[in-house]
2 protein chains.
Amino acid sequence: MARSVLGRGTARERVLEAAMALFGEHGVNGTSLQMIAARLGVGKAAVYYQFRSKEDLVLAVVEPIYDDMARLVTIAEALSTAEARRDVVVSGLIEMCVRHRRLAAVLYGDPAVDSLVQSRPELAATVEQFTALVTGGNLDTHGRVILAMIVNGIYTAAIDPNLADISDADLLQSLQAGTRHLIKML
Amino acid sequence: MARSVLGRGTARERVLEAAMALFGEHGVNGTSLQMIAARLGVGKAAVYYQFRSKEDLVLAVVEPIYDDMARLVTIAEALSTAEARRDVVVSGLIEMCVRHRRLAAVLYGDPAVDSLVQSRPELAATVEQFTALVTGGNLDTHGRVILAMIVNGIYTAAIDPNLADISDADLLQSLQAGTRHLIKML
DNA sequence: GTCTATAATCCGATAGAC
DNA sequence: GTCTATCGGATTATAGAC
């Protein structure tokens, strides 16, 4: 169990950490395994020792957020009305985005992650259920646009690099306030 | 001036159209010139006849939106107060996102586009001025988060595929209403 | 666990025939 | 204007030495 000069934790954790940082900067398709290895000061084969393919690595990076999402879906689906389900999912989304702030920035809208998710039935199902819970209930055109502003606003405000200096607690509070304000317009 | 079997307009316009569609689906880094050529039913060299490099092609695809942004910056900078400038830029952003709905989806957050913009001083300057105008004035932490929700909410609601069925006019109206509502919280 | 070496593939880009 | 052919380089991934 020799460890590299840079970073802490297990070799696997250090690869995940480096991958996350580089995915965030260059996107998944713009990040080669060579770049990840170089950042860690190791050879390309050292990365392949931890993950048998790039797809496996991306999946491992992305896993924690989809675990949270699946948990949130399970909780919300136990509720009885569409409005209650949406409220739980949206406020759960806020907490999720804040908790996984750095990670969320990585996968949000990345086409490589999107197609990877679509290729895995469990992940695709979770995303589909999540979307259904958010857009559930009968909304008119105006409501749908406002709801999209809320959900995407939460997501992208949480990951905005310009807001990186704001603490998790402050961010959480402001997102909750803004959401409460907008959700009245539905 | 022979023209290919598929599509309309000049050869250059057809390449731009195909590139935009594929960039939106797979991202810039996930789209090879071979894919673009294949979609048009031509060879790779036919694309290189219209654009001397992939960078040139990406630049040409992205150009219209940065032209609009530069125009908006010029108009806003002539105003006297920070609040007036921000109002003009934000409402201009709404119109811009609706007008370039499909294109905006392509470049929003694409790392390849980001680094291309950063490598071109004119484009980088325009983006920087735009950001400065939006975040101008003195805002507290809460205001900064709300503003990020507004701006990113506008952007991503305009490009949301789930809202593709909504007309430009309806989308414009709802975005303006939601923004007016949220901007009171600043 | 990490290394070098290498295989197979794909990329962007160029040259030149037609 | 479009084609084929090809170059050099980078990529994912594997094999085997240490």
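Below, chains carry the letters A, B, ... as their sequence lines are ordered, and counting in each starts from 1. These numbers come from the heavy atoms of this one structure, side chains and all, not from hydrogens, waters or symmetry mates.
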Between B:Tyr49 and D:dG1, is there a contact of a side-chain N or O with OP1 or OP2 at under 4.0 Å?
yes
Spacing between A:Tyr48 atom OH and C:dA5 atom P, to the nearest angstrom:
19 Å
Does a salt bridge link A:Asp170 with B:Arg144, judged by any charged N lying under 4.0 Å from a carboxylate O?
no
A:Phe51 atom CZ is separated from C:dG1 atom P, nearest whole Å, by 13 Å
B:Leu40 CG to D:dT2 C1': how many Å, rounded?
13 Å
Considering all heavy atoms of both residues, which atom of B:Ala19 and which atom of B:Ile36 are nearest to each other, and what is their separation?
CB-CD1, 4.0 Å
Map A:Glu55 and B:Ala45 onto DNA chain D by nearest heavy atom, then report which one ends up closer to the 5' terminus.
B:Ala45
Interatomic distance, A:Leu33 CG vs C:dA8 P [rounded to whole Å]:
20 Å
For the CD atom on A:Glu77, are there more than 12 heavy atoms of other groups (residues, nucleotides or ligands in this structure) within a distance under 6.0 Å?
yes
Taking the side chain of A:Lys54 as heavy atoms from C-beta outward, which of D:dT12, C:dT14, C:dT2 is closest to it?
D:dT12
If you count every heavy atom of other residues, nucleotides or ligands that lies below 6.0 Å from A:Gln173 atom CD, does the total exceed 12?
no
Interatomic distance where CG belongs to B:Asn29 and C1' belongs to C:dC10 [whole Å]
14 Å
Taking the side chain of B:Gln34 as heavy atoms from C-beta outward, which of C:dA13, C:dC11, C:dT2 is closest to it?
C:dC11
Using a strict 4.0 Å threshold on nitrogen-to-oxygen distance, state whether A:Arg39 and A:Glu17 make a salt bridge.
no
In terms of side-chain heavy atoms of B:Ala46, which of D:dC3, C:dG12, C:dC11 is nearest?
D:dC3
Within this structure, what is the CZ-to-P distance between B:Arg52 and C:dG12, rounded to whole angstrom?
18 Å
Nearest to the side chain of B:Ser32, heavy atoms from C-beta on, is which of D:dT2, C:dT2, C:dG12?
C:dG12
Taking only the side-chain heavy atoms of B:Val42 (C-beta and beyond), determine which of C:dC3, D:dC3, C:dA13 contains the nearest atom.
D:dC3
Nearest-Å distance, NZ (B:Lys44) to P (C:dG12)?
7 Å
Whole Å only: how far is the CD1 atom of B:Ile36 from the P atom of D:dT2?
15 Å
